[in-house]
Amino acid sequence: MSRPSPQRPERSRRHEPDPRKRRSRRAMEGALLELVAERDLSRLSVSDVTRRARVHRTTFYEHYTDVHDVAASACTQMFDELVDATPVFRIGQGSAGADEAGVGAAERGHAELTAVFEHIAGHAELYRALLGPEGSARVIDHLLRRINVAVHVNRVGTAATTHADDPEETPPDPAAALLSGALMGVITDWLRRGCEGTPEELSAAVAEHFEGAVARPA
């Protein structure tokens with residue numbers, strides 16, 4: 001019988017007030033990421049994770065339901081941290097909207113897409129397992145929502161310099177949803193094809209379409 005999934009807000013768990021619990025989660029998620037680099041997620045057991053993290057099984061079940069749950073948690077946390085650190089830029093400004101270094105919005109968008117693809121490639125086995133045919137609906141939904149919020153913020157603008165302060169939800173924005181779905185499609189197709197080419201090449205292939213697909217709101 002499966003254990004009930006712990007109730008926890010996805011983006012706020014890094015603010016867990018109990019240092020011991022934070023350390024335990026960090027250790028188990030770190031262990032999972034190490035193990036996935038060594039063998040398929042489907043071949044990992046709870047014992048593998050607890051042994052590598054040096055925690056007891058009861059500690060594992062205080063936080064997760066199974067190996068897939070810890071993988072989903074590690075993946076969404078890691079992706080959130082990537083997006084949080086990403087600078088905000090205005091979609092639809094082309095070479096305009098240059099920053100202090102004279103880099104325009106289009107160039108920043110290309111750089112940010114490259115960073116996302118580099119992150120995906122660096123953890124390809126984990127993402128392939130969680131976004132593939134036998135993957136996690138929770139992870140797919142989380143990534144889509146997180147990308148959608150970031151794209152919306154890039155479209156409408158914000159006083160913030162990075163996406164760390166993005167809202168949990170945004171008003172309906174069909175254009176942002178379109179671009180978010182397209183980016184997820186690119187990611188899953190690239191993973192399915194074994195991440196052919198470099199992140200830079202993939203970014204260059206899609207950046208111009210993202211820049212020109214939707215004009216920024218008036």
Approximate separation, where rounding is to 0.5 Å, of [X] [atom1] and [Y] [atom2]:
X: Glu134; Y: His68; atom1: CD; atom2: NE2; value: 9.0 Å
X: His56; Y: Glu62; atom1: NE2; atom2: CD; value: 10.5 Å
X: Arg26; Y: Glu29; atom1: CZ; atom2: CD; value: 9.5 Å
X: Arg138; Y: Cys75; atom1: CZ; atom2: SG; value: 9.5 Å
X: Leu44; Y: Leu35; atom1: CG; atom2: CG; value: 5.5 Å

Residues [X], [Y]: salt bridge by 4.0 Å N-O rule:
X: Arg146; Y: Asp84; result: yes
X: Asp141; Y: Arg145; result: yes
X: Glu38; Y: Arg52; result: yes
X: Arg193; Y: Glu196; result: no

Looking only at side chains, do [X] and [Y] share a donor and an acceptor under 3.5 Å apart?
X: Asp69; Y: His63; result: no
X: Thr188; Y: Arg128; result: no
X: His152; Y: Asp173; result: yes
X: Asp80; Y: His142; result: yes

Worksheet entry | Arg43 atom CZ, over 12 foreign heavy atoms within 6.0 Å |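 For Arg43, atom CZ is not crowded (no more than 12 foreign heavy atoms under 6.0 Å).
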Looking only at non-hydrogen atoms, find the nearest pair between [X] and [Y] and report the distance.
X: Ala71; Y: Leu126; value: CB-CD1, 4.0 Å
X: Val49; Y: Met28; value: CG1-O, 3.8 Å
X: His163; Y: Asp166; value: ND1-OD2, 2.7 Å
X: Leu32; Y: Val70; value: CG-CG1, 3.9 Å
X: Asn148; Y: Ala176; value: OD1-C, 3.2 Å
X: Leu130; Y: Ile140; value: O-CG1, 4.1 Å

Worksheet item: So do Thr50 and Thr59 actually touch side chain to side chain, heavy atoms under 4.5 Å?
Response: no
Worksheet item: Would you say the side chain of Pro167 lies within less than 4.5 Å of the side chain of Val149, judging by non-hydrogen atoms?
Response: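 Yes. Closest side-chain heavy atoms under 4.5 Å.
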Fill in: Derivation and outcome, side chain to side chain contact (heavy atoms under 4.5 Å, CB included), residues Tyr127 and Leu143
CA-CA 11 Å; Tyr127 280 104; Leu143 266 59; 3.9 Å; yes
Practice prompt. Report the C-alpha separation of Val139 and Leu131 in whole Å, then their side-chain angles, then the decisive distance to 0.1 Å, and conclude whether the side chain to side chain contact (heavy atoms under 4.5 Å, CB included) test is met.
Written response: CA-CA 7 Å; Val139 171; Leu131 302 181; 4.0 Å; yes
Looking at [X] and [Y], would you say the former's side chain and the latter's main chain have a donor-acceptor pair under 3.5 Å?
X: Ser136; Y: Ala72; value: no
X: Glu201; Y: Thr198; value: yes
X: Ser203; Y: Pro199; value: no
X: Thr86; Y: Leu82; value: yes
X: Asp40; Y: Ser42; value: no

Worksheet entry | Parallel, tilted or perpendicular, as decided by the 30° and 60° cut-offs, for the rings of Phe60 and Tyr64 | tilted
